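What you see below is based on every heavy atom in this structure, not just the backbone, and it leaves out hydrogens, waters and symmetry mates. Lettering of chains follows the sequences in order, A, B, ..., and the numbering in each one begins at 1. Note that the structure is a prediction, hence the values are computed from the model and not measured.
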Amino acid sequence: MKEQLSQLIQQALDTLVAAGELPGDSRPEINIDRTRDPSHGDLASNIALTLARSAGKKPRDLAAMICAALPEAPFISKTEIAGPGFINFFLSSGSSQAVVQRILEQGGQYGCSDAGGGRRVQVEFVSANPTGPLHVGHGRGAAVGDSICRLLAATGWSVASEFYYNDAGAQISNLALSVQARCRGLGPEDPEWPEDGYRGDYIQDVASAYLAGERIDAEDRHVAGLGDPDDLDAIREFAVAYLRREQDLDLKAFAVHFDQYFLESSLYDSGEVEATVARLIANGHTYEQDGALWLRTTAFGDDKDRVMRKREGGYTYFLPDVAYHFNKWQRGFERVINEQGADHHSTVTRVRAGLQALETAIPEGWPDYVLHQMVTVMRDGSEVKLSKRAGSYVTLRDLIDEVGCDATRYFLVARAPSSQLTFDIDLAMSQSNDNPVYYIQYAHARACSMQRKLAEQGWDWVPQRSLAALERLQEDHEKALLKRLDQYPEVVAGAAAASEPHTIANYLRELAGEFHSWYNAHKVLVEEQELRDARLALGEAVRQVIANGLQLLGVSAPETM
RNA sequence: GGGGGUAUAGCUCAGCUGGAUAGAGCAACGGCCUUCUAAGCCGUAGGUCGAGGGUUCGAGUCCUUCUGCCCCCGCCA
């Protein structure tokens with residue numbers, strides 16, 4: 001619709017140029033916006049305002065000339081010049097009602113596109129190390145990352161989700177030592193407790209399971225406890241599997257799925273880490289200083305050089321990170337999105353610099369990052385400090401159990417990733433009925449309810465028949481809904497392109513609100529068949545779009561509430 | 001000190017890549033269930049968009065300075 005209109009305007013401009021009314025050298029970008037206020041029509045263009053200066057004319061005069069030169073079009077019923085020089089376009093009612101037919105025909109596909117053209121994109125998110133349960137911050141990453149995957153899939157990308165973790169580093173050693181200490185009956189208060197040990201109670205659970213010889217089945221690994229407190233390797237294997245399984249359960253309860261789990265250790269096993277070092281050295285981007293091997297990342301925009309190999313030997317995490325992303329590139333992902341907490345911000349320039357230093361065909365800005373700001377948790381009116389080592393934090397599981405998967409996901413995905421988020425546990429739990437997600441789900445349930453009630457009345461609704469009656473949708477509430485529904489594909493496209501799933505949540509709230517208003521103002525199941533048909537069609541279209549949108553957020557669309 | 005993010009109603013947040021009179025939820029106040037689900041609707045009240053400068057027809061939105069808050073700045077991950 002916008003494209004057709006901008007073509008019309010272009011034709012009008014061409015006409016004016018040909019008539020010598022406009023300078024011919026400029027080919028301005030034609031901007032068309034949806035109007036906020038219905039009295040301004042359906043679409044508006046500021047073209048006269050932007051061209052006024054170069055044309056040497058007053059905006060309103062220019063707008064009048066453009067209107068006069070505008071070719072006739074069946075979908076435009078009226079144009080108006082308003083304000084400082086906007087041109088407002090009123091769509092003919094038939095063209096605005098056609099959206100209902102499109103939605104009913106396309107169903108779950110409405111809003112989808114093939115913009116991605118089947119290209120492969122990888123989204124990496126959560127990527128928590130298996131040293132403890134997932135917390136709220138991971139939950140935000142899971143909700144946002146999974147929604148981005150759904151958005152990309154809906155816009156024609158071939159999406160692969162990935163979870164990366166370290167199963168062999170210093171943190172894992174601390175984990176093993178902590179479990180071992182628990183196996184020996186020690187607690188965090190004991191003097192022999194490991195210096196950087198994990199203090200949380202869950203360590204005791206791991207230890208007990210290990211001693212009991214429990215068998216652990218995680219998504220990507222299986223192991224049985226040996227029960228020997230002296231076998232640190234066995235304890236490590238067991239603890240990692242145990243905590244991976246816990247995370248799997250959290251993610252499953254959160255309706256988040258990963259196509260692949262990728263181990264940092266595999267990069268060592270495969271020789272990719274060594275190969276990466278060799279390549280960086282060969283490219284002349286490294287130097288030795290203080291007994292360590294440095295990469296000159298400052299040559300690629302970093303603010304200081306970074307150590308790759310420590311003085312005592314062994315690599316910093318930075319190197320396997322570069323090897324890992326080179327691995328992604330070699331797997332053929334031309335687009336990679338890393339969803340992480342903003343506390344990892346500093347790795348962005350570092351990883352990109354490392355990739356550039358490899359001197360392959362990797363573009364400078366590759367990969368993409370979506371960084372979500374920190375989640376602050378409030379309980380009893382004060383902030384809960386998150387500390388894995390101290391063991392005091394709110395787990396994702398707690399939230400899912402007490403607030404529910406739908407509400408938790410909605411809450412975590414409904415705000416811009418760049419916005420800090422305060423998760424007030426008391427509010428979310430005690431007033432769960434006031435959570436906005438129910439408002440949207442309720443609209444869906446109401447629409448479903450109309451169909452049920454229809455059958456009880458002995459009436460039927462034939463979609464094909466109702467399409468002929470759409471002209472009957474003339475109420476202001478109905479016009480607003482039609483406009484909103486028409487907007488949905490653009491919202492999806494924009495959310496996918498910008499990796500901003502929260503815009504879907506905002507859109508759904510608006511749509512649900514307009515639906516509720518309409519529902520209260522006008523009865524759908526009226527005696528007169530034609531009007532009833534038309535309103536049922538509109539209701540079904542709204543239901544479909546809400547269902548489609550909630551699916552993108554990973555939130556269920558219940559038929560009853 | 002350096003880098004990134006952020007600042008919008010009492011609180012939590014939107015604001016569609018610069019548009020017309022800045023929006024919603026919660027909290028407050030007043031109405032609406034004999035009628036399709038009241039987890040809803042309608043109305044009232046609430047704002048110098050952190051502060052100053054700049055860019056232009058036009059700024060919450062872009063640039064700049066300052067201030068506050070959050071996060072990073074390790075040969076930890």
So what does the secondary structure string of RNA chain B come out as, 5' to 3', with Watson-Crick or wobble pairs under 3.5 angstrom, [ ] for crossing and | for pairs with another strand? (((((((..((((.....[...)))).(((((.......))))).....(((((..]....))))))))))))....
Donor-acceptor pair (no angle test) under 3.5 Å: A/Tyr442 side chain, B/rA39 base: no
Under 3.5 Å, is there any donor-acceptor pair linking the side chain of A/Asn46 to the base of B/rG19? yes
In whole Å, what is the span from the NZ atom of A/Lys523 to the P atom of B/rC36? 6 Å
Run the side chain to side chain contact (heavy atoms under 4.5 Å, CB included) test against A/Glu195 and tell me which residues pass, sequence neighbours left out. none
Go through the structure and list residues passing side chain to side chain contact (heavy atoms under 4.5 Å, CB included) with A/Pro84, not counting sequence neighbours. A/Leu49, A/Phe86
Positive for side chain to side chain contact (heavy atoms under 4.5 Å, CB included) with A/Leu550, one of A/Val545, A/Asp406, A/Ile504, A/Val555: A/Val555
With the side chain of [X] defined as its heavy atoms from C-beta on, choose the nearest nucleotide among [options].
| X | options | answer |
| --- | --- | --- |
| A/Leu49 | B/rC57, B/rA24, B/rG40 | B/rC57 |
| A/Arg415 | B/rC13, B/rC36, B/rG4 | B/rC13 |
| A/Arg509 | B/rA39, B/rC13, B/rG25 | B/rG25 |

Comparing A/Ala292 and A/Asp33 on RNA chain B - which has the more 5′ nearest nucleotide: A/Asp33
Mind checking A/Glu312 for me? I need base, sugar-phosphate or nothing, with any heavy atom below 4.0 Å counting as a touch. base
